[in-house]
K.L.:
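Sharing a structure below in structure tokens format, with a few things to ask.
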Amino acid sequence: MISGLRRRLSGRRLHRRRGYDDPQGYWNARHRHFGTELDGVGAIGLGDAANDRDYRAKWAEISAALDAAAVVPPASVLDAGCGIGWFSERLIERGHPVTATDFSADALRLARRRLDGRGVELVQVSLEDLALPERFDAVLNVDVLFHVVDDERWVRAVTNLADHVAPAGHLVIQEALRAASDDAGSASHTRFRSLDDYRRVLAGWELVDHRPYALPEAGTTKDLLIWRRRG
């Protein structure tokens, strides 16, 4: 217990000290610090057990949304921004063939350890540079886009995610939306966008499902957005 608390406190110090001028370096350092603990990808300082409860709540919402959109095995899924592979593992358990990407070499090292022998293709690439030859029945992106703080890079990231969806497929994004009239936020490592921001980038897409829900431990509201091409 004491060692876990010390680890979380030192993780918070790492978070404050590094800043976010080098996002890739920040996430590599964070993954090296926390390893397989969910503080590395979840709410820093919340603790592994509490983050696990929040992650299970996230998966319950995502799994239900996939069912509602008829994204069922053997539909292929791209887990873009996979972190340590927590959601990739659950997608595999559902029966989906999975390709997983992340820009952090240290995240992929941990994901590879988690997913070894499960048939997952792991690719190191940023969302802004995403250019895989395949298209997928569903592209999943969970709690990543609000960490892309530069607006031009964010537009490229959203566009690239959409470009990797098969013609009849779905784009599944989990965000923490802000109201269109609110300030976008000033934290160095986050920039929250509105639903209108997404609609401007995804002009040829229809929002077929929007599921807001609160995490049981962090208490924050998440927005699960399911998109498909118009027509």
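The figures that follow rest on heavy atoms only: side chains count, while hydrogens, waters and symmetry mates do not.
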K.L.:
Quick check against the 3.5 Å criterion: does Arg229 have a side-chain atom that pairs as donor or acceptor with the backbone of Val165?
P.N.:
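Side chain of Arg229 to backbone of Val165, a donor-acceptor pair under 3.5 Å: yes, one is there.
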K.L.:
With under 30° as parallel and over 60° as perpendicular, where do the rings of Trp59 and Phe87 fit, or are they tilted in between?
P.N.:
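The arrangement is tilted - the two ring planes meet at 30° to 60°.
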K.L.:
Scan residues 136-159 for pairs that pass ring-ring contact (aromatic ring centres under 6.0 Å, His included), counting only residues two or more places apart or in two chains.
P.N.:
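Applying ring-ring contact (aromatic ring centres under 6.0 Å, His included) to every pair that reaches into residues 136-159, excluding sequence neighbours, yields Trp27-His147, Phe146-Phe192, His147-His189, Trp154-Tyr198.
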K.L.:
Can a donor-acceptor pair be found between the side chains of His210 and Asp223 at a distance below 3.5 Å?
P.N.:
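Note: His210 and Asp223 side chains meet the donor-acceptor criterion.
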K.L.:
Any Lys/Arg nitrogen of Asp151 or Arg191 sitting under 4.0 Å from an Asp/Glu carboxylate oxygen of the other?
P.N.:
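Judged by the 4.0 Å cut-off on N to carboxylate O distance, Asp151 and Arg191 do form a salt bridge.
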K.L.:
Would you call Lys222 and Asp143 a salt bridge, using N to O less than 4.0 angstrom?
P.N.:
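Salt bridge: yes.
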K.L.:
Kindly determine whether Tyr213 and Gln174 satisfy side-chain contact (heavy atoms from CB on, under 4.5 Å), including the steps that lead there.
P.N.:
CA-CA 11 Å; Tyr213 69 97; Gln174 180 161 289; 2.6 Å; yes
K.L.:
Is Arg53 salt-bridged to Glu217, going by a charged N under 4.0 Å from an acidic O?
P.N.:
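Answer for the salt bridge query: yes.
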K.L.:
Between Ser63 and Arg94, is any side-chain donor less than 3.5 angstrom from a side-chain acceptor?
P.N.:
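Judged by distance alone, the side chains do pair up.
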K.L.:
Does Ser88 offer a backbone N or O that forms a donor-acceptor pair with the side chain of Arg118 under 3.5 Å?
P.N.:
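Here the side-chain-to-backbone pair does not exist.
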K.L.:
Carefully, step by step, assess Asp163 and Arg135 under the rule salt bridge (Lys or Arg N to Asp or Glu O under 4.0 Å).
P.N.:
CA-CA 8 Å; Asp163 286 346; Arg135 296 297 176 266; over 6 Å; no
K.L.:
Looking at Asp197 and Ser194, would you say the former's side chain and the latter's main chain have a donor-acceptor pair under 3.5 Å?
P.N.:
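Yes: the side chain of Asp197 pairs with the backbone of Ser194.
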